[in-house]
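Notes follow the structure.
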Amino acid sequence: MKLRSAVSALALVLGALFAPGFGVLTGATDAFAVTKISHATATSMFRSSGITWSSSGGCSDRNNSTCTSFEQLNLATAQGAQTLKSASGCALNITGGTETGHASGTYSHWNGYKLDFSKYTCVGNYIKNTFTYIGLRGDGAAQWQSGAGNIYADEGNHWDVTYYNCGGC
């Protein structure tokens, strides 16, 4: 009987350690279930926070690389942009969302984890003075990491931001 209790307790502890989003053996790069939102929901959220967006094609078609789409954006990504806007007090313009044409991968634009922002002095200074410089990405882009674990990469003509969470929303 004691062996069964010990095995049950061990199973519970191991289950907790390996449970997504809970255990100590998980990290910021582990993928978990996320809430997806529509383009209309995202634009409403951005509009209410004073965040603007633009596209070279003047469109929002997810399947057109010249558009800026928010279809299938992660809720936490939209909230992360709102957090950046409110915390920095800077103008924020989104130039890239979930549309095709970006690099692939688990934490990609297409999968709803990334947004591109226009390079403004205010937001650049906020990122560089508030977050921790973590070195260069494989493609040479300088990166800063927020306290929440989100990554801000300077891609030269815009900021490429990976939101693992809402950044303290």
(message) Using only atom types and a distance under 3.5 Å, with no angle test, would you say the side chain of R62 pairs donor to acceptor with the backbone of W110?
(response) yes
(request) Check whether any side-chain N or O of T83 sits under 3.5 Å from a backbone N or O of G168 as a donor-acceptor pair, and report yes or no. (result) no
(request) Any chance you could measure S86, atom OG, to L92, atom CG, to the nearest 0.5 Å? (result) 10.0 Å
(request) Kindly give the heavy-atom pair with the smallest separation between A87 and Y126, and that separation in Å. (result) CB-OH, 3.3 Å
(message) Taking Y152 as the starting point, is it possible to reach F46 by hopping between hydrophobic residues whose side chains are less than 4.5 Å apart?
(response) yes
(request) Look only at the side chain of S56 and the backbone of T66, and say whether a donor-acceptor pair between them is shorter than 3.5 Å. (result) yes
(message) For the OG1 atom of T100 and the CG atom of D61, what is their distance to the nearest 0.5 Å?
(response) 10.0 Å
(request) Indicate, with yes or no, if the rings of Y107 and Y163 have centres closer together than 6.0 Å. (result) no
(message) Could you check whether any side-chain N or O of T43 sits under 3.5 Å from a backbone N or O of A40, counting only pairs where one atom can act as donor and the other as acceptor?
(response) yes
(message) Measuring from atom CG of L84 to atom CG of L115, what distance do you get when rounded to the nearest 0.5 angstrom?
(response) 10.0 Å
(request) Kindly indicate whether the side chain of D160, heavy atoms from C-beta on, has any atom under 4.5 Å from the side chain of K114. (result) yes
(message) Rounded at 0.5 Å granularity, tell me how far CG in L75 sits from SG in C169.
(response) 7.5 Å
(message) Would N93 and T52 count as a side chain to side chain donor-acceptor pair (under 3.5 Å) here? Give the steps.
(response) CA-CA 5 Å; N93 181 63; T52 60; 2.8 Å; yes
(request) May I ask you to decide if A141's main-chain N or O and D139's side chain share a donor-acceptor pair within less than 3.5 Å? (result) yes
(message) Could you tell me if the side chain of K119 sits less than 4.5 Å from the side chain of E155, heavy atoms only?
(response) no
(request) State the OG-CD distance between S49 and Q82, to the nearest 0.5 angstrom. (result) 3.5 Å
(request) Could you tell me which non-hydrogen atom of M45 sits nearest to which non-hydrogen atom of A78, and how far apart they are? (result) CE-CB, 3.7 Å
(request) Ignoring hydrogens and angles, tell me if any N or O in the side chain of K128 forms a donor-acceptor pair with the backbone of Y133 under 3.5 Å. (result) no
(message) If I take atom CG from residue D116 and atom CD from residue E99, how far apart are they, to the nearest 0.5 angstrom?
(response) 7.5 Å
(request) Could you tell me whether a side-chain N or O of N150 sits under 3.5 Å from a main-chain N or O of N165, the two making a donor and an acceptor? (result) yes
(message) Can you confirm whether W144 sits close enough to I134 that some side-chain heavy atom of one is under 4.5 Å from a side-chain heavy atom of the other?
(response) no
(message) Please give me the minimum heavy-atom distance between R137 and A153, naming the atom from each residue.
(response) NH1-CB, 3.4 Å
(message) Quick check against the 3.5 Å criterion: does E71 have a side-chain atom that pairs as donor or acceptor with the backbone of H39?
(response) yes
(request) Only one of V34, T98, T41 passes side-chain contact (heavy atoms from CB on, under 4.5 Å) with L73; say which it is. (result) T98
(message) On a heavy-atom basis, which atom in S108 and which in S104 lie closest, and how many Å separate them?
(response) CB-C, 3.9 Å
(request) Assign the ring pair Y164 / Y113 to parallel, tilted or perpendicular, where the plane angle (0 to 90°) is split at 30° and 60°. (result) tilted
(message) Minimum heavy-atom separation for S55 and C67, please, with both atom names.
(response) CB-C, 3.6 Å
(request) Report yes if the side chains of V123 and F117 come closer than 4.5 Å at any heavy-atom pair, otherwise no. (result) no
